[in-house]
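Working notes for the structure below.
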Amino acid sequence: MTPAELSQAVQAAVSAAVEAGELTVAVPETVNVERPKNRDHGDYAVNVALQLAKAAGKPPRQVAELVAARLRELPGIAKIDIAGPGFLNITLDAATQGELARTVVTAGAQYGHGDAFAGQKINLEFVSANPTGPIHIGGVRWAAVGDSLARILRACGADVTTEYYINDAGVQISKFGTSLQAAANGRPVPEDGYVGEYINDIAAEIVKQVPGILELDDATQLESFRTEGLRLMVAEIQRSMEEFGVHFDVWFSEKSLHDSGAVEKAVERLREQGHVYDQDGAVWLRTTDFGDDKDRVLIKADGDTTYFASDAAYYLNKRDRGNDVSVYMLGADHHGYVGRLKAIVACAGDDPSHNIEVLIGQFVKMLKDGEEVRMSKRAGNIITIDDVVDWIGVDAARYSLARVPTDSTLTLDIDVLTSQTKDNPVYYVQYAHARMCSIARNAAEMGIESTAEDFKPELLSTPWENQLLGQLGKFPGVLASAGELREAHRVARYLEELAGDYHRFYENCWVLPRGDEEVTDLNRARLLLVEATRTVFANGLGLLGVSAPERM
RNA sequence: GCGCUCGUAGCUCAACGGAUAGAGCAUUUGACUACGGAUCAAAAGGUUGCAGGUUCGAAUCCUGCCGAGCGCACCA
């Protein structure tokens, strides 16, 4: 029996009690079923009585008894205790619990997937770092988390588009071009330009690819460095992302919004909505109507559009492409944008509490030799995505970034991650998977087959098997809440718990026959449990973009 | 000054308002003559920054302080 099935059974029991006139409450839409931490509290704990007690006007324990009386009639339920303030502690019989293994194996790669977001079109925009340099550690955090979130939401049935916004218009790109030109001509980079080894590399590459560029007149040359530099840098970022296992469906050019006139059109559309006004020669959007600190300029007095106008045009573009929800993943240094972004949505006539979500990623600090590495893009000392991958590999990098919530600052100790990779939890999880594959290999050599058809679930009766089964049953719920809360780390944390439960099972429950022992149904039942567990690891690691190795 | 985010074991971090706040690392002690010891078992480690409030129940929600990070452009 899965937690979802049990939840429905409890809900039905509440309904029955209401219909019988024993309870006068509204039947809750969902009933919370959870695995209690303490084994003495049964296989599942339900707190529905505590939630209903007040509305029902009865003590929680009395409500619990009404529900429990009906649940006890159901097949598969071994025992129900009413504990503490009014928890229902439910114990299933071994066969009912063991069925979970069959459920998992039968569903295979689809196990855990759901349809909570079916029919929803969700746009995820992340990283979107300026193409004036390599992706640094802050971008890597969102690359890992954003991509995992995309995979998770897809597994929840959503129609997801992943997107990278390329800031290829504006002064930063001009400075980038100027810096490249200076480097290529052996001149010092301007005060506010970009420096670093990569500038010299790209400059040299452009000189190689565009013969005679240094003979062009200054303005033409600069334009060439600007365009070529941008092209090379974007290609470089794309390569880094693909190597990191992150795929963007759309690489969206800010410049294209200007070239197509979309920015001007966006201003007009907002004007039609009645939130645009002119003052001091500039064109403003009255974002303060929707909670922003101050109104924002769309078109400056000199006639240029602002970056904010591009943002507005970009949102409208996303909306026009049919996205119901646009998720923005921003670094902490951009959290001041939340108010104005939501105001754009409201000014466009959409619902800022539904059509847009902004996730904030706090900074990642890096420790080296016990000291924080201060990064400065302008000064050219940056930790790039390629550095991180070189040091610890894609799996460890993605995992260590995806296993923590994004709203806290995170400190990664380079020395720990480089010298003692065993400390990284990713190995704990991957090792569990490799161990299972090893058992499967041994079983195959011994000619042992275990199929869902001849599986005898009642044989999985030890506490370790029970615990492992219960953990497997949690996976769909974990996945659903990770999607709903936009928190990829829940999947990683779950896998760590599952790995612990598997390792303990492994220590205490021998799976295969030893020596020349006969193959028993218990061997086969445990082998199926191993396969079920392996399936969940493979599915879970896949959602994190981390490999599930068969050998390590 | 205003706003956003965050303060949890020595360190890095968990805990969709639930029962005795959990892992890993580091420390101490055990377990490999059969499925991979990158593992397991056990010990030790906490006034969840401080003070109030909300309720059956608060690390979680509210208020006020303290501390940290970040942001407050007709810049991008």
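Centre separation under 5.5 Å together with a plane angle under 30° holds for the ring of A:Trp510 and the six-membered base ring of B:C35, marking them as stacked. B:C35 has A:Tyr506 stacked on its base ring, the centres lying under 5.5 angstrom apart and the planes within 30 degrees of parallel. Between the side-chain ring of A:Tyr428 and the base of B:A38, no stacking contact exists by the 5.5 Å and 30° definition. Residue side chain A:His335 fails the stacking definition with respect to B:G71, as its ring centre and the base's six-membered ring centre are not both under 5.5 angstrom apart and under 30 degrees in plane angle.
Among the nucleotides B:C75, B:C35, B:A19, the one closest to the side chain of A:Lys300 is B:C75. The side chain of A:Lys54 approaches B:U55 more closely than any other nucleotide in the set B:A14, B:G37, B:U55. Taking only side-chain atoms of A:Gln362, from C-beta outward, the nucleotide of B:A19, B:U5, B:C35 with the closest atom is B:U5. Closest to the A:Leu50 side chain, of the nucleotides B:C56, B:U39, B:C16, is B:C56. Counting only heavy atoms from C-beta on, A:Tyr431 has its side chain closest to B:G37 among B:G37, B:A14, B:U12. Among B:C74, B:A14, B:C35, the nucleotide with an atom closest to any side-chain atom of A:Asn442 is B:C35. The A:Ser408 side chain lies nearest to B:C6 when the options are B:C6, B:C35, B:C74. Side-chain proximity of A:Arg493 to the nucleotides B:A19, B:A38, B:A14 is greatest for B:A14.
Rounded to whole Å, the separation between the C1' atoms of B:A31 and B:C6 comes to 42 Å. When the C1' atom is used for both B:U28 and B:G64, the distance is 44 Å, rounded to whole Å. Across B:A41 and B:G49, the matching C1' atoms stand 36 Å from one another, rounded to whole Å. Distance check on atom P: B:A58 versus B:A21 gives 13 Å, rounded to whole Å. Nucleotides B:C16 and B:C75 have their C1' atoms positioned 40 Å apart, rounded to a whole Å. Annotation: B:A23 and B:A9 have their C1' atoms spaced 11 Å apart (nearest Å). When the C1' atom is compared between B:A14 and B:G22, the two are found 7 Å apart, to the nearest whole Å. The same atom, C1', is picked in B:U39 and in B:C4; the two are 44 Å apart, to the nearest Å.
For A:His41 and B:G18, the shortest distance from a side-chain N or O to OP1 or OP2 is not below 4.0 Å. A sub-4.0 Å separation between OP1 or OP2 of B:G36 and a side-chain N or O of A:Ser438 is present. Phosphate proximity of B:G37 to A:Arg435: present, with a side-chain N or O under 4.0 Å from OP1 or OP2. An OP1 or OP2 oxygen of B:C72 is reached within less than 4.0 angstrom by no side-chain nitrogen or oxygen of A:Lys294. When the side-chain nitrogen and oxygen atoms of A:Arg551 are compared with OP1 and OP2 of B:G36, none of them lie within a distance under 4.0 Å.
Within the 4.0 angstrom heavy-atom criterion, no nucleotide atom of any strand lies near A:Pro60. Across all strands, A:Asn47 comes closer than 4.0 Å to base atoms (heavy-atom distances). Using a 4.0 Å heavy-atom criterion, one finds that A:Leu410 contacts the sugar-phosphate atoms exclusively. Within the 4.0 angstrom heavy-atom criterion, no nucleotide atom of any strand lies near A:Asp304. Residue-level contact check: A:Asp40 touches neither bases nor backbone, having no heavy atom under 4.0 Å from any strand. Among the protein residues, A:Cys509 comes within range of the nucleic acid bases, having at least one heavy atom under 4.0 Å from a base atom. Heavy atoms of A:Ile360 sit nowhere under 4.0 angstrom from any nucleic acid atom. Backbone-only engagement by A:Val171 is indicated by non-hydrogen atom pairs under 4.0 Å involving sugar-phosphate atoms exclusively. Residue contacts shown for A:Asn38 include a base, since a base heavy atom lies under 4.0 Å away. If you check every strand for non-hydrogen atoms under 4.0 Å, A:Arg504 touches sugar and phosphate atoms only. The residue A:Gly170 sits close only to the backbone: its heavy atoms come under 4.0 Å of sugar-phosphate atoms, none of a base.
Position along RNA chain B of the nearest nucleotide to A:Ile299 versus A:Glu496 favours A:Glu496 as the more 5'-ward residue. The nearest heavy atom of RNA chain B to A:Ala332 and to A:Ala434 marks one nucleotide each, and the one closer to the 5' end goes with A:Ala434.
With a 6.0 Å radius and a threshold of 12 heavy atoms from other residues, nucleotides or ligands, A:Glu223 has its CD atom above the threshold.
Under the 3.5 Å distance criterion, the side-chain polar atoms of A:Ser7 are left unmatched by any main-chain donor or acceptor of A:Pro3. A donor-acceptor pair is defined here as one N or O able to donate and one able to accept, closer than 3.5 Å; no such pair exists between the side chain of A:His503 and the backbone of A:Gly500. A donor-acceptor distance shorter than 3.5 angstrom exists from the side chain of A:Asp395 to the backbone of A:Ser547, with no hydrogens or angles considered. In terms of modelled atom types and a separation under 3.5 Å, the side chain of A:Tyr164 and the main chain of A:Ala129 share a donor-acceptor contact.
If you check B:G67 for Watson-Crick or wobble pairing at under 3.5 angstrom, you find it paired to B:C6. For B:A26, there is no paired nucleotide, since no Watson-Crick or G-U wobble pair has both relevant distances below 3.5 Å. Pairing of B:C72, defined by two Watson-Crick or G-U wobble distances under 3.5 Å, is identified with B:G1. Across every strand in view, B:C32 sits unpaired, with no contact that passes the Watson-Crick or G-U test at under 3.5 angstrom. Of all nucleotides present, none satisfies the Watson-Crick or G-U wobble test against B:U47 with each distance under 3.5 Å.
Geometric assessment of A:Arg35 against the ring of A:Tyr44 yields a positive cation-pi assignment under the 6.0 Å and 45° thresholds.
The six-membered or imidazole ring of A:Phe290 lies near that of A:His275, with a centre-to-centre distance under 6.0 Å.
The two residues A:Tyr428 and A:Glu496 make their nearest non-hydrogen contact at CE2-O, 3.6 Å.
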